[in-house]
2 protein chains.
Amino acid sequence: MRIGQLAQSVGVDTQTIRFYERQGLLPPPGRQENGYRVYTEKHVERLAFIRRCRILDLSLAEIHELKRYQDAPHQSCTAVNALLDDHISHVRSQITALQALEKQLVSLRARCNDDREVKACGVLAGISEGSMHQQ
Amino acid sequence: MRIGQLAQSVGVDTQTIRFYERQGLLPPPGRQENGYRVYTEKHVERLAFIRRCRILDLSLAEIHELKRYQDAPHQSCTAVNALLDDHISHVRSQITALQALEKQLVSLRARCNDDREVKACGVLAGISEGSMHQQ
DNA sequence: ATTGACCTTATAGCGACTATATAGTTTTAA
DNA sequence: TTAAAACTATATAGTCGCTATAAGGTCAAT
């Protein structure tokens with residue numbers, strides 16, 4: 001299977017595949033005489049795994065780490081769970097920060113009832129005054 | 001006032017100040033004979049405004065846009081409010097996406113009760129299987 | 001013979017900084 | 001007074017995860 005077919009079957013751009021290879025995330029495939037990359041089913045699985053990790057918003061570094069755990073299948077999986085726990089708390093703190101931000105933005109927005117002159121706009125005034133609490 | 005003092009009074013790195021200048025966000029200050037930048041109170045206010053916008057997670061492009069509105073103080077401020085409304089809905093959709101992600105991660109995490117072998121780890125199995133719903 | 005679809009590498013761009021290298025200037029302390 | 005520390009300047013590269021572009025080689029069909 002060539003790169004275009006792999007790309008299509010996993011739903012990824014060919015550039016992204018070459019990028020993952022350069023990053024050491026996807027093992028270098030064989031080559032045809034003309035230099036074209038040749039992939040196997042293993043590559044399909046591996047690439048799909050990477051993509052599912054990315055959907056979970058794991059970083060490439062974290063995916064690397066997971067790969068290292070997979071390569072030592074008889075070790076305890078504590079580290080895998082720890083990685084996930086860390087990631088979950090990361091996501092949760094992002095949510096918390098964004099919720100605080102939303103609140104701030106909504107209260108700023110409430111300072112202006114449209115159609116004033118820019119000069120009198122409560123929103124701009126609100127930002128300029130610095131009547132903002134640090135998050 | 002020199003760059004270091006400006007940096008300290010607003011709580012920004014000097015590099016960031018020079019970066020904002022290059023981006024056209026902060027007007028180029030005067031220079032001493034030795035080439036050192038000399039800032040005024042206007043620069044302090046302007047930089048503080050930029051920082052408060054950044055705390056609200058507005059992009060540099062959005063801050064540019066706000067600046068253009070400020071430069072036309074007699075226009076209607078509808079566009080200012082629209083910018084903020086757009087930003088609020090952007091933040092809200094980020095929150096929604098992250099909440100869905102959190103849910104997915106938590107359910108994945110529930111598939112493993114620590115201390116198994118990596119080989120039998122429900123978390124890794126869960127990612128590999130592809131038993132994931134697209135967000 | 002040429003078009004078009006595919007493949008190759010190399011390089012630059014995104015956003016908002018941050019870090020590093022190299023050098024000149026000013027201030028402070030021994 | 002001199003030497004070190006602290007400040008300033010510019011230019012350039014790195015971060016992250018791609019995405020885009022350029023410039024070319026390969027292959028099948030028309």
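None of these values were measured; they are calculated from a predicted model. Lettering follows sequence order; numbering is per chain, from 1.
Atom pair A:Leu25:CG and D:dC16:C1' shows a separation of 13 Å (rounding to whole Å applied). Atom CD in B:Gln8 sits roughly 10 Å away from atom P in D:dT8 (whole-Å rounding). When rounded to the nearest whole Å, the span between CD of A:Glu62 and P of D:dC16 equals 11 Å. Atom pair A:Ile63:CD1 and D:dC16:C1' shows a separation of 12 Å (rounding to whole Å applied). What separates CD of A:Glu33 from C1' of D:dC27 is a distance of 14 Å, to the nearest Å. In this structure, the CD1 atom of A:Ile55 is 15 Å from the P atom of D:dG17, given to the nearest Å. C:dC7 atom P lies 9 Å from atom CD of A:Gln5, rounded to whole Å. Rounded to whole angstrom, the span from the CZ atom of A:Arg37 across to the C1' atom of C:dC6 amounts to 13 Å.
No option in B:Asp13, B:Thr14, B:Val12 other than B:Thr14 meets the side chain to side chain contact (heavy atoms under 4.5 Å, CB included) test with B:Ile3.
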Name each donor-acceptor pair under 3.5 Å that joins a side chain in residues 60-72 of chain B to protein atoms two or more places apart or in another chain, with its distance.
| unit_1 | atom_1 | unit_2 | atom_2 | d |
| --- | --- | --- | --- | --- |
| B:Glu62 | OE1 | B:Ser59 | N | 2.8 |
| B:Glu62 | OE1 | B:Ser59 | OG | 3.4 |
| B:His64 | NE2 | B:Gln23 | O | 3.0 |
| B:Glu65 | OE2 | B:Tyr69 | OH | 2.8 |

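Between A:Val38 and A:Pro29, the closest side-chain pair of non-hydrogen atoms is not below 4.5 Å.
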Take nucleotides 17-26 of chain C nucleotide by nucleotide from the 5' end and write B, S or -, depending on whether a protein heavy atom sits under 4.0 Å from the base, only from the sugar-phosphate, or from neither. BSBB---BBS
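Here A:Glu129 pairs with A:Arg111 in a salt bridge; the nearest charged N to carboxylate O distance falls below 4.0 Å.
Residues B:Tyr20 and B:Arg54 have side chains that never bring a donor and an acceptor to within less than 3.5 angstrom of each other.
In this view, A:Lys119 and A:Glu117, B:Pro73, B:His74 satisfy the side-chain contact (heavy atoms from CB on, under 4.5 Å) rule, not counting sequence neighbours.
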